[in-house]
Amino acid sequence: MYFCAMFQPLNNEQLIAVANEFGTPVYVYHAEQIAERYNKLTDAFKAHPTKFFYACKALTNVNILKYVKSLGGLLDCVSINEVKLGLLAGFAPQEILFTPNCVDFDEIVACVDLGVRINIDNISILERFGNVYGGSYPVCIRINPHIVAGGNYKISTGHIDSKFGISIHQLRHIERIVKTTGLHVQGLHMHTGSEIKDIDVFLQGLDVMFGIATHFKDLDFIDLGSGFKVPYKDDDQETDVYLLGQKVAEAAMEFEREYDRKLEIWFEPGKYLVSECGWFVVKANVIKQTTATVFVGVNSGFNHLIRPMFYDSYHRITNISNPDGAKRIYTVVGNICETDTFAWDRVLSEVREGDFLAFHNAGAYGFEMSSNFNSRLKPAEVLIQNGQPKLIRRADVFEDLLKNQIV
Ligand SMILES: *Cc1c(COP(=O)(O)O)cnc(C)c1O
C-alpha cells in the first residue's frame with residue numbers, strides 16, 4: 001500500500017491563523033494534500049500505463065493548476081477559458097484535453113489552433129470536424145455508454161436522458177462519418193457521473209468501451225473520465241482505487257492481446273484530487289434561538305458554497321475556535337435573503353458569536369461555483385504549501401461589483 005510519511009493534514013491552529021491574517025470568509029487549500037491524492041492515484045494504477053487529467057472545473061485557480069502540473073498531472077478542460085488558464089499555468093497544448101459540451105464549433109476550432117487534444121461529444125460536430133479537418137487532427141470521441149451512476153441526478157451524466165456523449169447506439173453513424181471523412185480517432189471517452197463508489201461501474205464502462213474499441217483500428221487510449229467518490233461524512237467510503245487499478249490493468253492487458261495494440265488508460269479526476277485539500281472558514285455572526293431551533297448565522301451563504309443547497313450535499317463542519325466546547329445541536333445558515341441552509345441539526349462544539357467554523361471538503365466545486373448574489377463579495381483563496389500560507393486570490397472589493405457595469 002502507498003504510504004506517505006511526509007504528509008501532515010492541516011490543523012485548527014493553521015486555519016485560525018489564516019482566518020486572522022486574511023479575514024473570513026476564506027477558502028484555504030493544502031498543497032501537500034493534493035500531492036498525497038495524486039501520488040495515491042498514480043501508485044494505484046502503476047500496473048498499466050495510465051494518465052491523469054485533472055478536471056480543473058473543480059478548482060481553477062492558476063496556482064492550483066501550476067501545482068498539479070508540478071506533480072506531473074495533465075489537464076481536462078470544459079471551456080476554452082479553462083484551456084487558456086491551463087496554457088498560462090504552463091501546460092503544453094498536448095497535455096490538455098478539451099472535453100466540451102454544446103459549445104459553438106468556433107470554440108473547437110480555436111482549441112485546434114491552440115493545439116490541444118479534442119474530445120467530441122455530438123454527431124453533428126463530429127461530422128463537421130471530419131469535413132473540415134479530415135484525418136489531419138486526431139480526435140477523441142465521447143461515448144455515452146448508458147450506465148446509470150453518480151451521487152445524484154444533477155451529477156449523473158451517463159443515463160439515457162443525458163445530454164452528454166454520443167450514444168453507443170449511434171456507433172454505426174460514427175463509423176459512417178469516420179469512414180467518409182477519414183477522421184483519425186485516437187481515443188474513446190466516457191464519463192458517467194460523480195461520486196461513484198462502486199468500482200464495477202468503471203469496469204462495466206471499460207467493458208463497453210472495449211466493445212466499441214474493436215471498431216476503430218488505431219486507438220491510443222481509453223478515457224474512463226472520473227467520478228471517484230471521496231468521503232464527506234465520517235462513515236463514507238471512497239472509491240477503492242487500488243482494487244480498481246488492479247482490475248483495470250488486468251482487463252486492459254487482456255484486451256490488448258485481442259486488439260494487438262497498446263492502449264493507455266486515462267482518467268479525469270476532479271473532486272478526488274482537490275475536495276479534501278480545501279476548507280472554507282467562516283465566522284459565526286449570530287446565534288439565533290427560535291422557538292424550535294438554535295441557528296448559527298455565519299458571514300457567508302450559498303453564494304460562496306452552493307453545494308449544500310444545490311446538491312443537498314453534506315459538508316462536515318467543525319468549530320475550530322472552540323473544539324472542546326460542549327456538544328450542542330445547531331442549524332447552520334448563511335446570510336443570503338432566501339432559504340440558505342448549510343446544515344440542519346448538526347452537533348457542533350458550542351458555538352459563540354465570533355467563533356470560526358470550518359467546512360471540510362470545500363476544495364472541489366466550492367469557490368468555483370461562487371457568485372456575487374445579494375451583491376456580496378467573493379472570498380479570498382489561500383494556498384498553504386510547505387507550511388506557508390500564500391494569498392492566491394484576494395477577496396472581492398466593492399469596486400469589483402461595478403467593474404463591468406456601465407454607469
Ligand atoms: C466534471 C468532470 C470530471 C470530474 O468529475 P469529478 O467527479 O469532480 O471527479 C471529469 N471529466 C469530465 C468530462 C467532467 O465534466
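Not measured: the values here are computed from a predicted model. Counting begins at 1 with the first residue of the sequence. Whatever order the structure lists them in is the order used to number ligands and atoms, beginning at 1.
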Structural part of Phe228 in contact with ligand 1, heavy atom criterion under 4.0 angstrom: neither
message: Only heavy atoms of Asp76, strictly under 4.0 Å: list the atoms of ligand 1 that pass.
response: 11 (N), 12 (C), 13 (C)
message: Suppose I only count heavy atoms of Thr99 and a 4.0 Å limit; which atoms of ligand 1 are within that range?
response: 13 (C)
query: Is Arg172 salt-bridged to Glu175, going by a charged N under 4.0 Å from an acidic O?
result: yes
task: Specify side chain, backbone, both or neither for Glu268, according to which of its non-hydrogen atoms lie closer than 4.0 Å to ligand 1.
output: both
query: Which atoms from ligand 1 have a heavy atom of Gly270 less than 4.0 Å away?
result: 4 (C), 6 (P), 8 (O), 9 (O)
Aromatic Phe22 / basic Arg394 pairing, under 6.0 angstrom, 45° off normal: no
message: Under 4.0 Å, heavy-atom basis, I'd like to know which part of Ala58 is in contact with ligand 1: side chain, backbone, both or neither.
response: neither
Lys283 NZ/CZ over Phe356 ring centroid, <6.0 Å and within 45° of normal: no
- prompt: Touching ligand 1 at all, Gly227? Heavy atoms, strictly under 4.0 Å?
  reply: yes
- request: Considering the heavy atoms of Ala55, write down every atom of ligand 1 situated less than 4.0 Å from one of them.
  value: 3 (C), 4 (C), 10 (C)
- prompt: If you measure from CG on Leu263 to CE on Met209, what distance do you get to the nearest 0.5 Å?
  reply: 10.5 Å
task: For Tyr365 and ligand 1, answer yes if some heavy atom of the residue is under 4.0 Å from a ligand atom, otherwise no.
output: yes
message: I need the nearest protein heavy-atom contact for atom 9 (O) of ligand 1: residue, atom name and distance, please.
response: Ser226 OG, 2.5 Å
query: Of the protein's non-hydrogen atoms, which lies at the shortest distance from atom 7 (O) of ligand 1, and what is that distance?
result: Ser194 OG, 2.3 Å
- prompt: How far is atom 1 (C) of ligand 1 from its nearest protein heavy atom, and which residue and atom name does that atom have?
  reply: Lys57 NZ, 1.3 Å
task: Could you tell me the separation between the CG atom of Asn144 and the NE2 atom of His191, rounded to the nearest 0.5 Å?
output: 11.0 Å
- prompt: Does the distance from a Lys or Arg side-chain N to an Asp or Glu carboxylate O, for Lys40 and Asp43, drop under 4.0 Å?
  reply: no
message: Under 4.0 Å between a side-chain nitrogen and a carboxylate oxygen: does that hold for Glu276 and Arg37?
response: yes
- request: Taking only Lys NZ, Arg NE, NH1 and NH2, and the carboxylate oxygens of Asp or Glu, determine whether Lys51 and Asp220 approach each other closer than 4.0 Å.
  value: no
